[in-house]
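To keep things clear, I will list the structure first and then write my remarks on it.
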Amino acid sequence: MKDILTLGIESSCDETSVAVVKNGREVLSNVINTQIDIHTIYGGVVPEIASRNHIQNISFVSKKAIEDAKIKYQDVDAVCVTYGPGLVGALLVGLSYGKALSYAIEKPLVGVNHIEGHIAANYITHKDLKPPFLCMMMSGGNTQIVLVKDYNDFEVLGKTKDDAIGEAFDKVARVIGLGYPGGPKIDRMASLGKPTIDLPKPSFENLDFSFSGIKTAVINLYHKNPNLNKEDLCKSFEKTVSEILIENIKKAINNTGIKTIVLAGGVSANSYIRNSFEELEKDGIKVYMPDIKLCTDNAAMIASAGYYDFINNKTSDLSLNAIPNLKLSE
Ligand code: KG4
């Protein structure tokens, strides 16, 4: 069978990325231009600045992805682009570029849901991974348990009622003075601490989550006592958050009988969370997690998800628009 090359484009937040992937699993190139340094001085992503930088970078990043893959634009079989969820102005840059490229090279356009992209990052890391499985999706904008029935068939079993888990990491980091991006900074600080501080955990009958209570508890504790050991505070925060995730994933395993767990999204780079999930393997659960560099936003994951849409004839036309609050399976 002929190899299929998908070109992925990702610009939903502050990374401009273009990648080429073979048959959904093999990365030929994955160029990521991050704007972290630009937004750090503001303490978070400034949407208008992100859009402007995407405009400046997208053509260069795309050319580099083609060069690195050692192909020509004409060799690409489908142009796969994130159309949501994300920042509307940022999404529109990648989407407009993707539409123009698809039109120019006369190859199909595939609109990709960014959340599906995060899940697909695992198909690149683990060549043997196939649905069905349960996905613990943890990013800056999303926290949900997804039943992945097939490559294009998803059911959300539970989700956060308030903050996303990454948002909680970022807000805690900002308040205790670690700055942006918060997740990796908390991760590093926690590695030096002990989990000595009790923090509240929400309790739901179903598989939903809440992270605003623990976030507020950490912030209040710190405001009352700014001399609190930050390393211990970060470790206690990570431990409690991990327990919340593990308790719900165990319920999902019991409810569905599915014993394959896949982590996805930026927060799946967290070392404490990765270790906590690895512990489940002792109970006969198979746990997959993406390679660290594929946890956060990148276009290879979009090219992989787009491949599975493309081979299932899920292509888009040039009327495709950005949908900032796109849900899974829309
Ligand atoms: O998936 P992602 O790159 O963007 C979205 O699609 O939302 O996730 C970004 C989130 C941020 O909140 C960032 O702080 C968090 O992932 N993150 C981490 C770590 N690395 C990134 N959180 C905890 N520990 C990490 N090592």
Side-chain angles (χ1 to χ4, degrees), residues 8 10-17 30 32-36 39-40 43-45 47 50 82-88 90-91 94 112-122 135-144 146 159-160 163-176 178-193 211-212 214-215 218 233-242 244-245 262-277 289-302 305 323-328:
E10 161 60 35
S11 70
S12 65
C13 192
D14 59 344
E15 262 91 32
T16 318
S17 180
N30 189 19
I32 306 170
N33 184 292
T34 180
Q35 304 174 15
I36 283 182
H39 298 282
T40 297
V45 178
T82 304
Y83 72 107
L87 302 169
V88 68
L91 286 166
V112 177
N113 182 315
H114 181 78
I115 307 169
E116 291 182 27
H118 275 301
I119 297 171
N122 286 279
C135 176
M136 184 66 251
M137 172 69 215
M138 311 173 272
S139 70
N142 273 280
T143 311
Q144 48 196 22
V146 183
K159 59 180 188 303
T160 181
D163 292 352
I165 184 169
E167 220 177 322
F169 268 91
D170 292 338
K171 283 189 189 154
V172 164
R174 191 185 313 161
V175 171
I176 69 173
L178 301 185
Y180 171 85
K185 294 194 170 164
I186 290 193
D187 200 345
R188 272 195 296 280
M189 182 141 285
S191 67
L192 307 166
F211 294 99
S212 74
I214 177 172
K215 174 199 73 184
V218 173
L233 190 60
C234 289
K235 186 72 157 204
S236 308
F237 173 70
E238 276 190 352
K239 177 174 177 277
T240 313
V241 161
S242 293
I244 295 171
L245 297 170
V262 168
L263 307 190
V267 180
S268 56
N270 184 270
S271 41
Y272 193 100
I273 294 175
R274 288 174 90 91
N275 289 340
S276 305
F277 275 86
M289 36 194 96
D291 200 84
I292 294 281
K293 62 179 186 302
L294 293 175
C295 288
T296 45
D297 292 348
N298 68 87
M301 68 186 200
I302 302 302
I323 305 183
N325 59 353
L326 185 68
K327 305 280 183 296
L328 211 49

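Note that the structure is a prediction, hence the values are computed from the model and not measured. All values below were derived from every heavy atom in this structure, side-chain atoms included, with hydrogens, water molecules and symmetry-related copies excluded. Just follow the structure's listing: the first ligand is 1, and inside any ligand the first atom is 1.
- The line from CG of Asn122 to CE of Met289 is 9.5 Å long, rounded to the nearest 0.5 Å.
- Across all their heavy atoms, Pro85 and Asn113 have their closest contact at CD-OD1, 3.7 Å.
- Legend: residues meeting salt bridge (charged side-chain N to carboxylate O under 4.0 Å, His left out) with Glu15, ordered by chain and number and at least two apart, are absent.
- With sequence neighbours excluded, the residues satisfying salt bridge (charged side-chain N to carboxylate O under 4.0 Å, His left out) with Asp163 are Lys215.
- If you run side chain to side chain contact (heavy atoms under 4.5 Å, CB included) between Cys234 and each of Asp187, Val218, Val172, Leu178, only Leu178 comes through.
- Protein residues with a heavy atom under 4.0 Å from ligand 1 are His114, His118, Ser139, Gly140, Gly141, Gly166, Phe169, Asp170, Gly183, Pro184, Asp187, Gly265, Gly266, Val267, Ala269, Asn270, Thr296, Asp297.
- Glu238 pairs by the side-chain hydrogen bond (donor to acceptor under 3.5 Å, both in side chains) definition with Asn270, not counting sequence neighbours.
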